[in-house]
Amino acid sequence: MAQGYLYSSDNLEMELKGEEYFKCLEAHSCFQYCTRDGGMLTCKMHSLVHDCVQSLSPYDLMMRFESVKQLTLNLSSWTEEVKVVGTHHLVMMIAQGAGFPMDISGAEKLRTLVAVTQGCLITSQALSNLFKQSKHLRLLDLSLTSGWHNCFGPSGQGNILDEIPVEICGLINLRYLSLAGSKVLKILPETLCDLHNLQSLDLTGCSSLRKLPDGMGKLMNLRYFYTWCCSSITSYPKGISCLTSLRELTNVIARADHNDSKEFTLGDFERLNNLCGHVRVKLVGNAVDADEAIRANLGNKKDLDRIRINLDGDIGKESQDVIKKALNPPSDLNIEFVGWWF
């Protein structure tokens with residue numbers, strides 16, 4: 001999706017088009033095996049297919065570095081072939097304790113950059129240099145973890161990333177951005193909201209993040225927004241109510257007692273009718289305002305299966321049955337009250 005391969009002339013949703021392509025590849029034995037664990041499908045491309053694709057696509061090179069110990073990385077001098085065509089897709093395997101390269105020479109044509117490690121120092125200057133040089137990036141994964149579980153809990157080895165430079169606004173082609181596991185990151189620049197083509201934003205495990213940008217409403221193409229374990233965020237911006245393309249919203253804090261001009265409120269679910277699966281909502285305030293509950297319009301959330309609600313502060317004194325009655329969910333939407341929040 002991030003590379004723009006899933007658009008169709010019949011206006012089919014990109015996710016459905018991707019599933020169609022996947023089933024076609026599977027039917028033609030392009031995968032060595034596929035296993036399903038709950039909702040996660042894991043596959044491995046056959047080595048013969050991998051070699052064939054690489055030989056047919058000289059412009060789509062994947063380069064892996066088992067460690068990056070020096071402060072600069074010169075892609076142009078890696079091979080003669082790279083010097084001619086440029087690298088489009090780069091995966092960096094960074095040794096633990098090593099720093100993210102301050103300069104990646106020859107990165108002008110990069111469309112994908114993924115950094116994999118279990119703890120890495122990444123400076124604002126290094127990112128600023130990258131953003132100025134790699135204007136064509138479509139997918140940027142700086143989660144820097146070798147497994148998603150490293151984003152959670154005190155034992156996780158999150159990367160050391162404390163600032164996102166304002167130059168990120170220059171990545172106008174960016175579709176996918178992951179900062180998961182950035183445990184010391186406290187704030188995001190408002191210029192991030194100039195990434196109008198962004199489809200997926202993953203902030204999972206950014207436990208020190210205190211505030212989301214006020215201009216979130218400008219990310220009109222955002223389809224996936226993950227804020228698991230962002231425990232320092234105390235409110236979500238009003239602009240999220242404008243993200244009508246959202247399909248997955250893992251967590252959100254919603255004021256329930258009135259329609260606030262700056263904070264996301266319960267009634268701001270009104271236009272988020274493409275939400276799928278389930279969402280976790282922390283309701284804050286003194287009580288559930290009836291008008292806000294009606295305005296949420298849960299009856300129009302046809303693809304939403306479950307809402308898990310955490311009651312915070314005085315609102316927790318209200319009866320769960322009273323709150324559920326005010327929300328008036330359709331019969332096929334499960335409302336579950338939980339005592340935990342992350």
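Position 1 is the first residue of the sequence; numbering continues from there. Quick note: numbers below take in every heavy atom, side chains included, and nothing from hydrogens, waters or symmetry partners.
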Atom pair CG (Leu177) and CG (Leu139), whose distance is rounded to the nearest 0.5 Å: 9.0 Å

Co-membership, hydrophobic cluster, residues Val284 and Ile335, 4.5 Å side-chain: yes

Derivation of the ring-ring contact (aromatic ring centres under 6.0 Å, His included) call for Phe269 and Phe264: CA-CA 9 Å; Phe269 277 103; Phe264 185 87; 5.2 Å; yes

Euclidean distance, Asn310 CG relative to Ile315 CD1, rounded to 0.5 Å: 10.0 Å

Contact check, side chains of Thr265 and Arg295, non-hydrogen atoms, under 4.5 Å: yes

Heavy-atom closest contact (Pro165 atom, Pro189 atom, distance): O-CG, 4.1 Å

Pairs where residues 247-258 contributes a residue and the test salt bridge (Lys or Arg N to Asp or Glu O under 4.0 Å) is met, not counting sequence neighbours: Glu13-Arg247, Glu15-Arg247, Arg255-Asp257, Arg255-Glu263

Show every donor-acceptor pair shorter than 3.5 Å between a side-chain atom in residues 22-29 and any protein atom, with sequence neighbours excluded, or say none if there are none.
unit_1, atom_1, unit_2, atom_2, d
Lys23, NZ, Glu19, OE2, 3.4
His28, ND1, Cys24, O, 2.8

Side-chain (Asn334) to main-chain (Asp305) donor-acceptor, under 3.5 angstrom: no

Donor-acceptor under 3.5 Å (Arg308 side chain, Arg306 main chain): no

Inter-residue atom distance Thr123.OG1 - Asp162.CG, 0.5 Å rounding: 9.0 Å

Same apolar cluster (I L V M F W Y, side chains within < 4.5 Å links), Leu174/Val166: no

Distance (rounded to the nearest 0.5 Å) between Leu275 CG and Arg271 CZ: 13.0 Å

Separation of Leu311 CG from Ile323 CD1 (nearest 0.5 Å): 4.5 Å

side-chain contact (heavy atoms from CB on, under 4.5 Å) partner of Leu203, the single match among Tyr226, Trp228, Phe225: Phe225

Residue pair Ala126 / Pro101: nearest heavy atoms and the distance that separates them: CB-O, 3.6 Å

Test item: Lys109 side-chain N/O and Ser134 main-chain N/O as donor-acceptor pair under 3.5 Å: no

Close side-chain approach of Ser207 and Cys229, heavy atoms under 4.5 Å: no

Whether Ser245 side chain and Met220 backbone form a donor-acceptor pair below 3.5 Å: yes

If you look only at distance, which donor and acceptor atoms sit under 3.5 Å apart when one is on a side chain in residues 233-241 and the other is two or more places apart or in another chain?
unit_1, atom_1, unit_2, atom_2, d
Tyr236, OH, Thr227, OG1, 2.9
Lys238, NZ, Asn259, OD1, 2.4
Lys238, NZ, Asp260, O, 2.8
Lys238, NZ, Asp268, OD1, 3.2
Lys238, NZ, Asp268, OD2, 2.9
Ser241, OG, Lys238, O, 2.7

Lys301-Asn273 side chain donor-acceptor pair, cut-off 3.5 Å: yes

Side chain Asn129, main chain Met102, donor-acceptor under 3.5 Å: yes

Please tabulate, one pair per line, all N/O donor-acceptor pairs under 3.5 Å involving side-chain atoms of residues 209-219, not counting sequence neighbours.
unit_1, atom_1, unit_2, atom_2, d
Lys211, NZ, Asp214, OD1, 2.9
Lys211, NZ, Asp214, OD2, 3.3
Lys218, NZ, Asp194, OD1, 3.1

Leu333 reachable from Val252 in the ILVMFWY side-chain graph, under 4.5 Å edges: yes

Qualifying salt bridge (Lys or Arg N to Asp or Glu O under 4.0 Å) pairs, either residue in residues 40-53, two or more places apart: none

Side-chain donor/acceptor of Ser208 to backbone N/O of Leu185, under 3.5 Å: no

Tyr5-Tyr21 aromatic ring centre distance below 6.0 Å: no

Straight-line distance of Leu142 CG to Leu127 CG, nearest 0.5 Å: 6.0 Å

Test side-chain contact (heavy atoms from CB on, under 4.5 Å) applied to Met14 - qualifying residues, sequence neighbours left out: Met1, Leu6, Tyr7, Gln199, Arg223

Over 12 non-hydrogen atoms of neighbours within 6.0 angstrom of CG in Asp37: no

Hydrophobic cluster membership, Ile172 vs Leu130, 4.5 Å side-chain cutoff: no

same_hphob_cluster(Leu298, Leu272) at 4.5 Å side-chain heavy-atom cutoff: yes

Residue pair Thr112 / Gln3: nearest heavy atoms and the distance that separates them: OG1-NE2, 2.7 Å

Side-chain (Lys186) to main-chain (Lys183) donor-acceptor, under 3.5 angstrom: no

Arg111 side-chain N/O to Arg138 backbone N/O, donor-acceptor pair under 3.5 Å: no

